[in-house]
Amino acid sequence: MAQKKEAQAPRARLEIEFDQPHLLGPLFGEFDRNLVAIEDRLGVYIAARGNKIQIEGEPEAAARARDVLTGLYNRLDQGQDIDAGAVDGVIAMSGQPTLDGIVSDDVAEAPKVMIRTRKKTIVPRSKTQVTYMEALGRDDLIFALGPAGTGKTYLAVAQAVQQLIGGSVDRLILSRPAVEAGERLGFLPGDMKEKVDPYLRPLYDALYDMLPAEQVERRITSGEIEIAPIAFMRGRTLSDAFIILDEAQNTTPAQMKMFLTRFGMRSRMVVCGDPLQVDLPNPGQSGLADAVTKLEGISKIATVRFTVADVVRHPLVGKIVEAYEGPTA
């Protein structure tokens, strides 16, 4: 009895030729790690011969790999560095369809939006980050919602630093609820700074990634950069400032109203938080969800929603978030 042969999936073989051989080393990565990452994620085989690269695999996967390599090459051609995170980001973006249901040609191009700070140039690593970075440069109040690792706070701090060093704002104010919405810090040892600093550490970390350490310390001492718990914002008007509220899901509606009404002239405000990670005794009383419900749709107020697909930390972080929260729709 004749056995049926299993139909094999069609294979494609594509070739790319790059005209600047000196960029191929950083494109491939140390020990070809960037090529290996693309092969593993997309299920293709990549072979380099001189300045030509051959890609073999299923047609869609091979086309994605070609676009990823072209996009990374164009970033290098424009003087941008690429690392493992950039490679993962471009791979992820290559699989995100456009409104027409096809892969966007933007993947193969160097990004049109970027943030420049003293220490690095930051480019988007997901389609939602593109939308977010555009909103950061355009709108007066931005709500950034989504899970950890999507770049909500990091990109907001980067935009704030760019505006501070560019002179479009006079100061940078970073805030978050400390410990919990009630901010019961009295049981902790030390003065107020020592009490709250551990809870503000993520904001410090982002700053030190954007500016030399001595500049961060000097600007904090001079008051150009202020990092404080949300309770310290009460009764103030914050003008000529870039204001960021992190972990905003742990504010009450009253705290959120207080914070949003600190808005002064020539200021910009970004409110970051994960609506699914509320630490309040009554999660249904989150000031973040309440504010978005009341304010979404008003002119010059943007709401950007990230999902697990936008996680740009170690690839395992996205899988961990998905395991806890379930796959995205």
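Only this structure's heavy atoms are used, side chains among them; waters, hydrogens and symmetry mates stay out. What you see is a predicted model, and the numbers here were worked out from it, not measured in a lab.
The shortest distance between side-chain heavy atoms of Phe232 and Ile227 does not fall below 4.5 Å. Side-chain contact between Phe28 and Leu35 is present, with at least one heavy-atom pair separated by less than 4.5 Å. Between Phe259 and Thr251 the shortest side-chain heavy-atom distance does not fall below 4.5 Å. Side-chain atoms of Val271 and Met269, non-hydrogen and from C-beta on, do get closer than 4.5 Å to each other. Contact check for Leu172 versus Val161: side-chain heavy atoms found under the 4.5 Å cut-off. Side-chain contact between Phe143 and Leu295 is present, with at least one heavy-atom pair separated by less than 4.5 Å. Contact of the Val169 side chain with the Arg268 side chain is not registered, since no non-hydrogen atoms from C-beta on lie closer than 4.5 Å. Residues Pro177 and Leu245 meet the side-chain proximity criterion, which asks for heavy atoms closer than 4.5 Å.
Salt bridge annotation for Glu247-Arg176: present, with a cationic side-chain nitrogen under 4.0 angstrom from a carboxylate oxygen. A salt bridge links Glu296 to Arg305: one of the charged nitrogens lies within less than 4.0 Å of a carboxylate oxygen. With salt bridges taken as basic N to acidic carboxylate O contacts below 4.0 Å, one links Arg236 and Glu226.
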Residues Asp88, Arg41; criterion salt bridge (charged side-chain N to carboxylate O under 4.0 Å, His left out); working and verdict: CA-CA 9 Å; Asp88 286 338; Arg41 291 279 298 277; 3.1 Å; yes

Side chain to side chain contact (heavy atoms under 4.5 Å, CB included) assessment of Gln159 paired with Leu155: CA-CA 6 Å; Gln159 179 70 24; Leu155 292 175; over 6 Å; no

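Ala160 approaches Ile244 most closely through the heavy-atom pair CB-CD1, 4.1 Å. Closest approach of Val44 to Ala65, counting heavy atoms only: CG2-CB, 4.0 Å. Here the closest non-hydrogen pair linking Gln162 and Ile115 is OE1-CA, 3.5 Å. Closest approach of Pro59 and Ala12 over heavy atoms only: CA-CB, 3.8 Å. Among all heavy-atom pairs drawn from Ala156 and Phe242, the shortest one is O-CE2, 3.8 Å. When all heavy atoms of Leu203 and Ser175 are compared, the pair lying nearest together is CD1-N, 4.0 Å.
From Met210, atom CE reaches atom CG of Asp205 across 10.5 Å, with rounding to the nearest 0.5 Å. Put simply, CZ on Arg171 and CG on Leu164 are 11.5 Å apart, with the number rounded to the nearest 0.5 Å. Rounding to the nearest 0.5 Å places CG of Leu69 at 5.5 Å from CG of Leu27. Between the CD1 atom in Ile16 and the CG atom in Asp67 there is a gap of 8.5 Å [rounded to 0.5 Å]. Taken from CD in Gln249 to CG in Leu288, the straight-line distance is 6.5 Å, to the nearest 0.5 Å. Interatomic distance, Ser299 OG to Asp139 CG, rounded to the nearest 0.5 Å: 8.0 Å.
Tracing side-chain contacts under 4.5 Å through hydrophobic residues (I, L, V, M, F, W, Y), one reaches Ile298 starting from Ile243; they form part of the same cluster.
Screening Asp32, Ile53, Val36 for a side chain to side chain contact (heavy atoms under 4.5 Å, CB included) with Ile46, the sole residue that qualifies is Ile53.
Of the possible donor and acceptor atoms, one in the side chain of Ser267 sits under 3.5 Å from a partner among the backbone N and O of Ala241. Checking side-chain atoms of Asp290 against main-chain N and O of Ser286 turns up no donor-acceptor pair under 3.5 Å.
Judged by distance alone, the side chains of Asp209 and Tyr154 do bring a donor and an acceptor atom under 3.5 Å apart. Checked by atom type, the side-chain pair Gln54/Arg13 shows no donor-acceptor distance below 3.5 Å. For the residue pair Gln20/Asp77, the side-chain donor-acceptor check at 3.5 Å is satisfied.
For residues 42-94, the ring pair (Phe, Tyr, Trp, His ring centres under 6.0 Å) pairs, not counting sequence neighbours, are Phe18-Tyr73.
Residues passing the side-chain contact (heavy atoms from CB on, under 4.5 Å) test with Ala37 are Val87, sequence neighbours excluded.
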